[in-house]
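Worksheet: one structure, shown below.
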Amino acid sequence: MPELPEVETIARGLRAVLPGRRIVGVRLGKTDFIDDPAEIERRLPGAKIRAVRRHGKYLLLDLESTNGNHHASSLLIHLGMTGRLTTSDPAEPVPAHTHVFFALDNGRELRYTDVRRFGRMGLLDEASHEKSLDSLGLDPLEISEDEFTALMKARRARIKALLLDQHVLRGIGNIYADESLWRARIHPMRLGARLSLEELRRLYRAVRDVLNDAIRLRGSSIADYVDSEGNLGGFQRRHRVYQRFGKKCFRCGAAIERTIVAGRTSHFCPRCQPAPRLRRKRH
DNA sequence: CTTACGGCCTGGGTGC
DNA sequence: TGCACCCAGGCCGTAA
């Protein structure tokens with residue numbers, strides 16, 4: 001489940017090998033996760049990759065077609081839950097569920113593998129910043145503490161839902177939401193507006209520390225995630241609550257609990273992260 | 001407008 | 001060996 005640290009790791013890996021390369025061939029398998037497969041087949045061959053960027057959980061390959069007038073566009077890729085984007089030698093065995101092959105001008109190949117095909121791929125025109133990208137919130141590693149606290153204070157939704165909402169902050173998923181809340185000692189069901197300034201500052205710090213630590217360890221490999229070279233991440237060994245139901249809290253020893261918040265399984269320590277007081281509903 | 005929730009997509013893992 | 005079921009993240013429709 002690639003979230004910000006995993007996508008950032010992949011982006012850095014690809015940034016080391018892709019810029020300046022030209023795509024010389026495209027081969028597609030199943031295409032139901034691609035916006036317009038015919039357009040990809042038509043426009044990518046001959047395009048030069050100028051840059052690799054991350055936007056929340058999205059990857060962007062900035063392209064330049066040199067058919068006369070400079071035509072700039074970007075290939076937008078979301079890895080969903082199980083997407084992998086790797087470079088390899090074309091002679092290497094092809095993993096199951098590999099559906100996109102981009103042949104590169106240096107003889108290597110960029111492959112997209114996705115067991116579930118919950119990912120997404122599409123071509124973005126320079127100007128047509130599409131809704132899915134423009135409506136995203138700020139990057140949690142770029143936002144200031146004041147911006148962060150103001151954002152959360154203004155909302156009555158549960159803090160876990162706010163952290164997961166890509167229109168509030170972009171890039172945080174279930175793993176890093178749970179890990180951040182544990183570090184900040186805040187229960188996932190607390191309401192944003194009811195958190196104290198002190199708690200929000202702690203959470204701001206926790207989110208950034210968790211994400212930066214995870215990037216340093218090249219992401220969390222739970223089921224499918226590997227980086228652009230096929231290597232596993234290391235942050236799963238640092239998880240303090242995620243998928244640790246029933247195990248001892250690293251801070252206080254209490255058994256980690258599990259509940260559903262915002263439709264997602266959420267792990268927390270019942271002692272370190274006290275539940276919000278139940279408020280009587282008005283009729 | 002904000003929030004909560006259920007359903008949908010797919011297929012590997014689990015449990016019987 | 002089979003098979004029903006659960007679950008993951010993002011998104012969308014609906015209801016309050």
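Below, chain A is the first sequence line, B the second, and so on; all start at residue 1.
By the 30° and 60° cut-offs, the orientation of the rings of A/Phe148 relative to A/Tyr204 is tilted.
In terms of phosphate contacts, A/His97 brings a side-chain nitrogen or oxygen within less than 4.0 Å of OP1 or OP2 of B/dG12. Distances shown here put every side-chain N or O of A/Arg117 at or beyond 4.0 Å from the OP1 or OP2 atom of B/dC8. Phosphate proximity of C/dG9 to A/Lys57: absent, as no side-chain N or O sits under 4.0 Å from OP1 or OP2.
Distance alone, capped at 3.5 Å, places no donor-acceptor pair between the A/Asp227 side chain and the A/Thr9 backbone.
For the pair A/His167 NE2 and C/dG9 P, the computed distance is 16 Å after rounding to whole Å. Counting to the nearest Å, the P atom of B/dT10 and the NZ atom of A/Lys30 are 9 Å from each other. Atom pair A/Met121:CE and C/dG10:P shows a separation of 17 Å (rounding to whole Å applied). At whole-Å resolution of the value, CG in A/Leu76 and P in C/dG10 are 14 Å apart. Atoms CZ (A/Phe33) and P (B/dC8) sit 23 Å apart, rounded to a whole Å. Atoms CE (A/Met81) and P (C/dC7) sit 12 Å apart, rounded to a whole Å. Look at CZ on A/Arg170: it is 17 Å from C1' on C/dG10, rounded to the nearest Å. To the nearest angstrom, P of B/dT3 lies 17 Å from NZ of A/Lys160.
With C/dC11, B/dG12, C/dG9 as the candidates, the nucleotide lying closest to the side chain of A/Tyr58 is C/dC11. Nearest to the side-chain atoms of A/Arg155 among the listed nucleotides B/dT10, C/dG10, B/dT3 stands B/dT3. Picking from B/dT10, B/dA4, C/dG10 the nucleotide with the shortest atom distance to the side chain of A/Asp32 gives B/dT10. In this structure, the nucleotide among C/dG9, B/dA4, B/dT10 sitting nearest to the side chain of A/Asn174 is C/dG9.
Using a 4.0 Å heavy-atom distance criterion, A/Thr265 is classed as a sugar-phosphate-only contact. Counting non-hydrogen atoms under 4.0 angstrom, A/Arg116 reaches a base of the nucleic acid.
Annotation: cation-pi geometry satisfied between A/Arg251 and A/Trp182 (NZ/CZ under 6.0 angstrom from ring centroid, within 45° of ring axis).
Annotation for A/Leu203 and A/Ser180: closest pair CD1-O, 4.1 Å, computed over non-hydrogen atoms. The two residues A/Ile159 and A/Met152 come nearest to each other via the heavy atoms CD1-SD, 3.7 Å.
Between A/Phe118 and B/dC9, a base-stacking contact is recorded: ring centres under 5.5 Å apart, planes less than 30° from parallel.
Contact of A/Arg264 with C/dG10 (side chain to base): a donor-acceptor pair of N or O atoms is detected under 3.5 Å.
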